[in-house]
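Step one of this worksheet: look at the structure below.
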Protein chains: 2
Amino acid sequence: MPTIKDVAKAAGCSTATVSRALANPEKVTEATRQRVARAIAEVGYAPNVAARNLRRAESRTIVTLLPDISNPFFSEIINGMEEVAHQAGYQVLIGDCERDPARAEAYFNLLPTNQADGIILLTSDIPRALVSHADARVDSPLVMACESFSDIDLPTVAIDNYQATAHAIDYLVSLGHERIASVSGPADNPICCDRTLGYRDTLAARGLSGSARVVEGDFGFRSGYQQGLALLEDTVARPSAIFCHSDEMAIGVLKAARQLGIGVPEALSVVGFDNIGFSEYCEPELTTVSQPRHEIGQQAMRMLLSILAGEGVVRRQILSTQLIVRKSTGRPAD
Amino acid sequence: MPTIKDVAKAAGCSTATVSRALANPEKVTEATRQRVARAIAEVGYAPNVAARNLRRAESRTIVTLLPDISNPFFSEIINGMEEVAHQAGYQVLIGDCERDPARAEAYFNLLPTNQADGIILLTSDIPRALVSHADARVDSPLVMACESFSDIDLPTVAIDNYQATAHAIDYLVSLGHERIASVSGPADNPICCDRTLGYRDTLAARGLSGSARVVEGDFGFRSGYQQGLALLEDTVARPSAIFCHSDEMAIGVLKAARQLGIGVPEALSVVGFDNIGFSEYCEPELTTVSQPRHEIGQQAMRMLLSILAGEGVVRRQILSTQLIVRKSTGRPAD
DNA sequence: CTGAAAGCGCTTACAG
DNA sequence: CTGAAAGCGCTTACAG
């Protein structure tokens, strides 16, 4: 591969000038710039990025940590992040943690070794030691998206899980439901805590505290199916509506209902969360809470790049959600 | 950050020795190795990877190019690739091309700039100029997985799309179906060509050529839904079975059938391709062709690492598929 | 505006 | 087995 030296020779100037023509064109005369451009094309030069990174002590790489790459919820967020990153000359490395602390640690280790400039966390399911001292340093290149830690205050872009849930539950109550169950994600997950609180508070405000019922899933199809079965087989206190912390779990509940011969929405209303592509193609089409995923990704990346640029950042951004009413909800069968 | 010099000072040896203790422990006495290890812990040293990469002229990064990150079909393949890569000290960068030639080119450009050591292609939808000269060079660090080019012969790990399709069609014929339509992926995609050939040949072998009918989709839900509608609204020659090149399209067909009041599998059989997670949770559960996705990812990565190591490689690996019969297929309603 | 030169943090052939 | 030294390909303060 030709190096910057070859270009310098071909252009009849020093390597310093070639470097400047590339990085700071305004520091070089127009004529020089053009000679360098021609020389680059002539020798077929492409800068060696490892050398540049070493010299500049940066990698232009952002890593995003997520709990499970196969969850389609994340893909649109990633697209948003990539859009902003590429435009700024950064690339994004996707780190699938799979609930394995060692994996998360390995990705965090890219920071001190200069392989990554910053990290966007789409999961809080990592060893807290990795982030525990980050909130003290204002300039830690760390941003949380969607998730949060209960006790560590990182720059965050997210939705208001409490409000979004309250809104969905209010909608079910307004339809006439009085027995509304909830299939939560992992109970120790802060966003699930917020949602469960929103759920409970709303029921309480409507005088329905007594019927609150929360079971725990893991966001996946299967757990929704299993918890749905458990909830619906309880014939004495069977809920007339089930609110789920993910679309996958809601679709699992739909399957459970079908299996038990319980019609949706006639005999059971189901609400999901996230509005994944699938939610429009299941039977019946799913009523769900939509998050602005693309925008979440964009804003999280913008926030991180601002931190890297040493600019002041708004440490907390709350984006709005939308309840998308489709066919899986209706009035209860009194 | 402490550098290798700091470690050398703390260990009372040269940087060369520290480097050796790290990279080739067998070239160093046990005592030295231990002194270095202690020194590393003491000063909190982590190697600067940009410097190492520059010196070694490698990046230990493999990029995988795919057409659409939101398609869950790819996630399990990626997991397989990461498993093998991490074990060998490589990381994998996921490149979402989104049918944008410029994106693909940008990712290919990581090769000459030393930011990536090799590429695994999960899509053939990229400018052919990027790969056209690769097949001549035996050691091009390029591997194809699942897909292929019609005229460029790259090292490949894939399934036998012709056979897998023939098997699925045979199954439908054996059930008694005589009007079997097919919803293909993009018609210019080589794997779709193979599948369509397998479809046509099998129908011909069974004396059913006359009823062959292929419509084109793009692998996504929506196109399956639309083509399903078109196929099923044709009341004079309505198919009794539809074979689809992806599960998403099959699920779209399911929705079209539901909308038209056509019962599956009583009045229509539907077969998908890929066995994505969703295929077990749609209504009815989908009969589909399963690919060994994890293994495809593993083998593709192994193949690429062999090429990078300068080892001889089997240039073509065909893994076996499996027809998973669930609830969306049955005998036709004569 | 341009160039000579130092240096980023490693690795490795060479010599001992 | 170990060290001194060169060099990977850039960038940038310094001088002119």
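Lettering of chains follows the sequences in order, A, B, ..., and the numbering in each one begins at 1.
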Reckon [X] has a side-chain N or O less than 4.0 Å from the OP1 or OP2 of [N]?
| X | N | result |
| --- | --- | --- |
| B:R52 | C:dT11 | yes |
| A:T3 | D:dG9 | no |
| B:T17 | D:dT2 | no |
| A:T32 | C:dT2 | yes |
| A:T15 | C:dG3 | no |
| B:T29 | D:dT2 | yes |

To the nearest angstrom, how far is [X] atom [atom1] from [N] atom [atom2]?
| X | N | atom1 | atom2 | answer |
| --- | --- | --- | --- | --- |
| A:R35 | C:dT2 | CZ | C1' | 10 Å |
| A:N114 | C:dC8 | CG | C1' | 10 Å |
| B:K9 | D:dT2 | NZ | P | 20 Å |
| A:K5 | C:dA5 | NZ | P | 13 Å |
| B:Y45 | C:dG9 | OH | P | 10 Å |
| A:N24 | D:dT12 | CG | P | 7 Å |
| A:L54 | C:dA6 | CG | P | 18 Å |
| B:N48 | D:dC10 | CG | C1' | 14 Å |

> If the C1' atom of D:dT12 is compared with that of D:dG16, how far apart are they to the nearest Å?
Replying inline: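 Looking at atom C1' only, D:dT12 and D:dG16 are 16 Å apart.
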Does a side chain donor of either [X] or [Y] reach within less than 3.5 Å of an acceptor in the other side chain?
| X | Y | result |
| --- | --- | --- |
| B:D117 | B:S59 | yes |
| A:Q34 | A:E30 | yes |
| A:Q291 | A:D274 | yes |

> Nearest of C:dT11, D:dT2, C:dC10 to any side-chain atom of B:R56?
Replying inline: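 Taking heavy atoms from C-beta onward, the closest nucleotide is C:dT11.
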> From the list D:dT11, C:dG9, D:dC10, which nucleotide is the closest neighbour of the side chain of A:S19?
Replying inline: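 So the side chain of A:S19 is nearest to D:dT11.
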> So B:I119 and B:L304, side-chain contact (heavy atoms from CB on, under 4.5 Å) or not? Walk me through it.
Replying inline: CA-CA 8 Å; B:I119 295 182; B:L304 183 54; 5.9 Å; no
>> Between A:R103 and B:E82, does any NZ, NE, NH1 or NH2 come within less than 4.0 Å of an OD or OE carboxylate oxygen?
In response: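 Yes, this pair counts.
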>> I want to confirm an ordering. Mapping B:R55 and B:S14 to their closest nucleotides on DNA chain D, which one lands closer to the 5' end?
In response: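 Nearest-nucleotide comparison on DNA chain D picks B:S14.
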>> For A:D153, is there any backbone N or O sitting under 3.5 Å from a side-chain donor or acceptor partner on A:R315?
In response: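 Such a contact is found between A:R315 side chain and A:D153 backbone.
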> Would you find a donor on one side and an acceptor on the other, under 3.5 Å apart, between the side chain of B:D6 and the backbone of B:T3?
Replying inline: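 Flag set: sc B:D6 to bb B:T3 pair under 3.5 Å.
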For nucleotides 13-16 of chain D, which of its nitrogen or oxygen atoms have a protein nitrogen or oxygen under 3.5 Å away, and what is each distance?
residue : atom : partner : partner atom : Å
D:dA13  : N6   : A:R20   : NH2          : 3.0

>> Using the side chain to side chain contact (heavy atoms under 4.5 Å, CB included) definition, which of the options B:D125, B:L130, B:V131 pairs with B:P127?
In response: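 Testing B:P127 for a side chain to side chain contact (heavy atoms under 4.5 Å, CB included) against B:D125, B:L130, B:V131 leaves exactly one candidate, B:L130.
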>> Counting only Watson-Crick pairs (N1-N3 plus N6-O4 or O6-N4) and G-U wobbles (N1-O2, O6-N3), all under 3.5 Å, who is the partner of C:dA4?
In response: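 The base-pairing partner of C:dA4, which may sit in any strand shown, does not exist here.
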> Taking any strand in view, what nucleotide pairs with C:dA13 in a Watson-Crick or G-U wobble way, both distances under 3.5 Å?
Replying inline: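 Paired with C:dA13, as far as the under-3.5 Å criterion goes, is no nucleotide at all.
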